[in-house]
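Numbers restart at 1 for each chain; the letters A, B, ... are given by sequence-line order, proteins then strands. None of the values given here were measured: they were computed from a predicted structure.
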Amino acid sequence: MTRHLVLYDRTSQRKGAAAAMKALAEEWRRNGYTVARYGEEAAQPDVRLWEEHEYGSSCHGRRSLGIVLADSTILSDRHSYRSANSLWPVPVKITALVIDDRIVNFGHRFVSLQFSPFCYVFAAERHSSSYAPLVAYLINKFATEEEAL
Amino acid sequence: MDLFSAKLKQNRLYARNKGRRLFIAAPLPMGSDVLNRLAGQTRSIVAIHMASGASIDAGYLAEQGFHTVCVGDGASLAVLDSWFAGAEPEQQAPASPSAHEPLWGFLAELNDKAEAFLVNDMLIQCVPRHFLLNGVVKGDASLYFPLFTDVLPRRPLGKGSRTTAIVADWFFGYGDSLMAIPLLQDSIDRRRSRGEPVHVLAREKTVPFLRKRLNHCSVLGFMDSYHMYEAITKSDRYVDVILLSLRLTAPKLHHVVELWAQALGDPQLLNRYARTGTAVSPADSLLAEEAVRLRQQYKALIGFQHHTGEAARCWPQRHAEHFAQHCMEAGIGLIPLSPTAHPLPCATDWSRLPLDRALSAVPLLDAVVGIDSVFGHAAALAGIPNLTIWGKNVPHLQKNSPSSFSFLSFRPLYMNYSMVPESNRSEDITPDHVFQRLIEMLDGHLPLKQSRITIEDTLNGFHIEWVKS
């Protein structure tokens, strides 16, 4: 059954969505998953990628997850304790933030860049050649827990 | 001390106290056996899921001080026991029976001089950069260790886990735990009614404390480090990871329970926050009988805590002795609740009781006088009048260092009267002054707030007395 990934662009410039979608699709495919964009013909792809205007107010329950493209200002402590869905009320559960611009002064929180209290933060600038860490994370969130260890 | 200085100090401490390091390579089916064997000896373990034995360089491991051992079957696990006993078995390259088969690797360190979380952090820094931090593995003792990988096998996509992890911040102590318990239990029950299990993750010290007080959830331990926050966030075990933070570097000001309610995604939690029996359990009959006997001798019974691990929050011993003398002369039974090196004149001493028993004794008291620490919170949650002697911190703000603040209030939530030194030195609050307020409190001349004290109450100075030097 197809899983749905919806990208919400909440940056001030609103310019990064296309590049992020392309990088995401490539990385999913590199991991052996079939991917289709909204409107593309595909028989039951593993993952279908949507932008906000394409997805509208649909909701596929637990088969959908949201990613927000945001400016690094969102990493300030004014927001860190809030859930992503309380900051951006959208119909799907937001599971990760992609920060597109250069992150300054985040180290003072003494946490690594990949972590924020309100959800996973992927710093695209630091991983400009690959969305591998983000897709590895998304696979974990879609996959059912394995009781190996 | 701010976090950066604390980390620097810890690193120096570790550099002087390195332990014995071991790297174990094992076939995938033996992962659990090896992990459990290791976890019985050390808390400092990092798991690595390797594409093959060639994923990690034996020379690099040797440079980092790791003794490499390969295990292939149950019998060869004995080599681990001999290493734990101090032997240095022959070094081996981390090869699998087939060089192309995936393997488990485990970095471990035996070190009884440095704290386990610090050693764990150092081990994480030894993991080569091409491995991706991708989740956690669980040892026998319900303790999570970080999991790295350089292989992402194609996994069938499903609906994902339904479980939420609620992570208690690195610095969570017993007082914080007491305040968090009503919110946690409410949130756990609501999520459970929707079929969403909850795991509460905390530093090892507070795990038994929380496990005893929280129902319908699992309480697990983890090595407290920011790497572990990341590992837990990424784990496939959890759909959601919520941090109950104890730090906030930007205003606006919050009481810490108000912050936690927002983090838990349900502002209505605060409206339902109530004094609860789950946080402070009833006293046993021996303590109850002792309290009855003491009441026959004294006009009132006062719990007292003037000391904790952080010197800047303590009230000087000489003040405590003077205050205790006042109480005894006035026929008030003073009962120390927290151990100190020098005993005080008192009605009875409950300071050597196990923490759980001492906390259960709080509802037997007429009031608690203390510093910003666990017994003030216990009294507040039990609805007992409580007087806080502040020092470094103030009721609305934490001072991590002279220039670094946490915009959080940790004031006891109910029935609190706060005495705050303008100098930030608790010694400027005299025992005579505290005794005078205690008498007014016991006589009912300080009408205390029975409903929850909000951050607005505190900012408006409600029952806060600023004391000049």
Side-chain angles (χ1 to χ4, degrees), chain A residues 1-3 5 27-28 30-34 45-47 60-65 76-86 93-96 105 107-121 130 132-149, chain B residues 2-4 7 28 31-32 35 47 49 104 132-139 145 147 149 152-163 167 170 226-227 229-230 232-245 247-252 254 259-260 262-265 267 404 407:
Chain A
M1 190 159 304
T2 301
R3 311 294 139 189
L5 203 56
E27 191 56 39
W28 275 105
R30 207 179 64 77
N31 281 278
Y33 295 90
T34 54
D46 293 317
V47 182
H60 295 87
R62 288 175 61 211
R63 291 189 291 122
S64 320
L65 288 176
S76 91
D77 249 0
R78 292 173 202 281
H79 307 293
S80 61
Y81 52 88
R82 298 175 64 186
S83 74
N85 280 88
S86 76
K93 177 174 172 47
I94 299 168
T95 194
N105 281 342
H108 72 275
R109 282 193 50 76
F110 214 71
V111 294
S112 67
L113 279 175
Q114 279 74 30
F115 180 80
S116 163
F118 62 102
C119 71
Y120 173 77
V121 176
S130 163
L134 176 62
V135 170
Y137 168 80
L138 292 169
I139 292 170
N140 275 355
K141 293 303 149 185
F142 274 130
T144 306
E145 174 194 341
E146 289 173 3
E147 279 292 342
L149 275 184
Chain B
D2 63 26
L3 285 171
F4 181 73
K7 187 70 186 163
L28 293 187
S32 293
L35 179 61
H49 191 196
W104 276 112
L132 186 70
L133 181 56
N134 195 42
V136 289
V137 295
K138 191 166 78 174
F145 302 107
L147 166 67
T149 187
L152 288 174
R154 191 182 184 286
R155 297 173 65 181
L157 301 183
K159 290 183 181 173
S161 168
R162 290 185 72 91
T163 308
V167 181
W170 183 321
Y226 56 91
H227 294 295
Y229 292 151
E230 182 184 337
I232 291 161
T233 303
K234 289 181 166 181
S235 167
D236 60 357
R237 293 164 193 257
Y238 301 115
V239 62
D240 225 348
V241 179
I242 297 167
L243 177 74
L244 300 189
S245 179
R247 285 161 285 174
L248 193 64
T249 57
K252 66 178 193 185
H254 296 261
L259 187 86
W260 294 338
Q262 291 198 48
L264 290 165
S404 158
F407 289 82

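The backbone N or O of B:Lys234 sits less than 3.5 Å from a side-chain atom of A:Asn140, completing a donor-acceptor pair. Listed for the B:Arg154 side chain is no donor-acceptor partner under 3.5 Å among the backbone atoms of A:Asn31. A donor-acceptor pair is defined here as one N or O able to donate and one able to accept, closer than 3.5 Å; such a pair exists between the side chain of A:Lys141 and the backbone of B:Tyr238.
For a residue to count as touching a neighbouring chain, one of its non-hydrogen atoms must lie under 4.5 Å from one of that chain's; by this rule B:Thr149 does not touch chain A. When heavy atoms are compared at a cutoff of 4.5 Å, A:Val135 does not approach chain B at all.
Checking B:Asn134, B:Leu132, B:Leu133 one by one against A:Pro133, the side-chain contact (heavy atoms from CB on, under 4.5 Å) holds for a single residue, B:Leu132.
Among residues two or more places apart in sequence or in another chain, the ring-ring contact (aromatic ring centres under 6.0 Å, His included) test is passed with A:Tyr137 by A:Tyr120. By the ring-ring contact (aromatic ring centres under 6.0 Å, His included) test, B:Phe407 is found to be paired with no residue, residues two or more places apart in sequence or in another chain being considered.
The two atoms that bring A:Lys93 and B:Val239 nearest to each other are CE-O, 3.7 Å, heavy atoms only.
Here OG1 of A:Thr2 is found 9.5 Å from CG of B:Leu157. Values are rounded to the nearest 0.5 Å.
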